[in-house]
Amino acid sequence: MQSRGIYDRQGELFAYLVGSAVYDLDDTQKGYVQEGYVYAMNDERLWLIRGDGIYTLKGEAVGYLGANFRES
């Protein structure tokens, strides 16, 4: 399984991405990624993804996506 960590602006891991699904650190799916946005499970648009950066819909930095990681 390949995943990417989702880190806040201080570099602390708070979620991760597997495919297009976003999970919290308790392994509960909290949302998904589609067409450059992160959506909540209720289909509410939460964040914008630009490159590896994650931003609010107003353009304020939230954090970033880490490098791909594959568990053996």
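Quick caveat: nothing in here was measured; it's all calculated off a predicted structure.
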Verify same cluster id: Leu65, Val22 (apolar side-chain graph, 4.5 Å): yes
Donor + acceptor pair across side chains of Asp52, Tyr7 (<3.5 Å): no
Arg70 side-chain N/O to Gln2 backbone N/O, donor-acceptor pair under 3.5 Å: no
Interatomic distance, Gln29 atom CD to Met41 atom CE [nearest 0.5 angstrom]: 4.0 Å
Gap separating the OG1 atom of Thr28 from the OH atom of Tyr23, nearest 0.5 angstrom: 9.5 Å
Side-chain (Gln10) to main-chain (Glu12) donor-acceptor, under 3.5 angstrom: no
Pairwise side-chain contact, Arg9 with Val62, heavy-atom cut-off 4.5 Å (strictly under): no
Results of ring-ring contact (aromatic ring centres under 6.0 Å, His included) for Tyr32 - residues two or more places apart only: Tyr39
Tyr55 side chain near Arg50 side chain, heavy-atom distance below 4.5 Å: yes
Atom pair CZ/CG of Arg4 and Asn68 - distance to nearest 0.5 Å: 5.0 Å
Worked check of side chain to side chain contact (heavy atoms under 4.5 Å, CB included) between Leu48 and Thr56: CA-CA 6 Å; Leu48 170 65; Thr56 67; over 6 Å; no
Close side-chain approach of Leu25 and Leu13, heavy atoms under 4.5 Å: yes
Step-by-step side chain to side chain contact (heavy atoms under 4.5 Å, CB included) determination, Asp27 to Tyr16: CA-CA 9 Å; Asp27 300 324; Tyr16 62 97; 2.6 Å; yes
Whether Trp47 and Phe14 hold their rings parallel, tilted or perpendicular, with breakpoints at 30° and 60°: perpendicular
Ile54 vs Ile6 side-chain heavy atoms within contact, under 4.5 Å: yes
Step-by-step side chain to side chain contact (heavy atoms under 4.5 Å, CB included) determination, Arg45 to Leu57: CA-CA 8 Å; Arg45 193 179 282 181; Leu57 300 179; 3.9 Å; yes
